[in-house]
Amino acid sequence: MTNRKRLLMEIDDETRCDHWYLEAHDRCFYFGHYTPKKYIKGDVWSHSPTNKLIYNLKKPPGARWQKYKTQAEQKVARLLADHNSFQDYIFVPVPPSKQKGHPEYDDRMIRILHYLRKLRPEVQFLELVRQTQSLSPFHVAGARLPPKDLVNYYQIDDRGQPPLPPGAKLIIFDDVLTTGSHFKATQTKLKAHYPKSEIVGLFVARCERP
């Protein structure tokens, strides 16, 4: 990541086919391109600035990697703070693959939004969707679920949250758009409870397969 303001890009007809579960009506935005290891000769983190950012962002929780993880979270928060495109939206982070209390629980998306709020106090975010059971991360072989199965592990949790106004604009926030399964499962849950809301997706990067 450089200090220059990064362009915000939108998934279009040419790029949508890279993300199998997205539908034509889905609006998803992203800042950079992440290239998976299978397409790289060498280390995944050194391939590009975006790869390095995502690599550090996804480091496992724990003191050993916390410095790099925190730096990456703060970089993403600054990236978001530079854009006013979503000032009328309420951020809804995609829930982590592990439940709270699990030793591998990683709330990096929520921490990013807390950092963002320090930079932009007007930013709104709510943890409306939670996962009812810990699952293996999707990058583990054989762990990837389609949206129709993943949605069964999601639950709306608005306890203690202020009620959403009718027609509230929601933005599903995640680090990498790969197949679109997490986005679609989260979207399905939100639409069932808030049918009048506009829902879009925002990602730090989209997975690019050369």
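Sequence positions, counted from 1, serve as the residue numbers for this chain. Being a predicted model, the structure only gives us computed values, none of them experimental.
Residues L57 and I112 have side chains in contact (heavy-atom distance under 4.5 Å, counting atoms from C-beta outward). By the 4.5 Å heavy-atom criterion applied to side chains, L170 and L164 are counted as neighbours. Looking only at side-chain heavy atoms (C-beta outward), F173 and T186 stay at 4.5 Å or farther from each other. The side-chain heavy atoms of V94 and M109, taken from C-beta on, include no pair separated by under 4.5 Å.
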| query | Please walk me through it: do D174 and F183 pass side chain to side chain contact (heavy atoms under 4.5 Å, CB included)? | reply | CA-CA 8 Å; D174 205 0; F183 168 76; over 6 Å; no
| task | Please assess I172 against F91 for the test side chain to side chain contact (heavy atoms under 4.5 Å, CB included), listing each intermediate value before the final yes or no. | result | CA-CA 6 Å; I172 298 170; F91 283 78; over 6 Å; no
| Should M9 and F203 be marked as a side chain to side chain contact (heavy atoms under 4.5 Å, CB included) after you check the CA-CA gap, both sets of side-chain angles, and the distance that decides it? | CA-CA 10 Å; M9 295 165 279; F203 304 84; over 6 Å; no
| Check against side chain to side chain contact (heavy atoms under 4.5 Å, CB included), L150 and L135 | CA-CA 10 Å; L150 181 60; L135 300 172; 3.9 Å; yes
| message | Between Y89 and Q124, does the side chain to side chain donor-acceptor pair (under 3.5 Å) criterion hold? Intermediate values first, please. | response | CA-CA 7 Å; Y89 286 77; Q124 300 180 70; over 6 Å; no
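Note that the CZ atom of R159 and the CD1 atom of I156 stand 12.0 Å from one another [nearest 0.5 Å]. Taking NZ of K196 as the start and NZ of K191 as the end, the distance is 13.0 Å to the nearest 0.5 Å. Here the OG-CD1 distance, from S48 to I40, works out to 7.0 Å after rounding to the nearest 0.5 Å. Here the NZ-CG distance, from K52 to D43, works out to 11.5 Å after rounding to the nearest 0.5 Å. Rounding to the nearest 0.5 angstrom, the gap separating the CD atom in Q133 from the OH atom in Y153 is 5.0 Å. Note that CG of D106 and OG of S97 are 8.0 Å apart. Values are rounded to the nearest 0.5 Å.
Between the T15 side chain and the D12 main chain, a donor and an acceptor come within less than 3.5 Å of each other. Looking at R117, its side chain does come within 3.5 Å of a backbone N or O of V123 through a donor-acceptor pair. A donor-acceptor contact shorter than 3.5 Å links the side chain of Q99 to the backbone of T132. Judged by distance alone, the side chain of S197 and the main-chain N or O of A168 form a donor-acceptor pair under 3.5 Å. Side chain of R206 to main chain of H33: no donor-acceptor pair is present (N/O by atom type, distance under 3.5 Å, no hydrogens or angles). In this structure, K69 contributes its side chain and K59 its backbone to a donor-acceptor pair below 3.5 Å. Using a distance-only test at 3.5 Å, with no hydrogens or angles considered, a donor-acceptor pair links the side chain of N51 to the main chain of V44.
Cluster membership check: F31 shares its hydrophobic cluster with Y34, using side-chain heavy-atom separations under 4.5 Å among Ile, Leu, Val, Met, Phe, Trp and Tyr.
Residues F125 and H114 bring their aromatic ring centres within 6.0 Å. In this structure, the ring of Y39 has its center no less than 6.0 angstrom from the ring center of H47. Taking the six-membered ring for Trp, F86 and F29 have ring centres closer than 6.0 Å.
With a 6.0 Å cutoff to the six-membered ring centre and a 45° limit on the axis angle, K98 does not count as a cation-pi contact of Y105.
The pair E23-K184 meets the salt-bridge criterion, since a charged nitrogen lies less than 4.0 angstrom from a carboxylate oxygen.
A donor-acceptor contact closer than 3.5 angstrom is absent between the side chains of N56 and E73.
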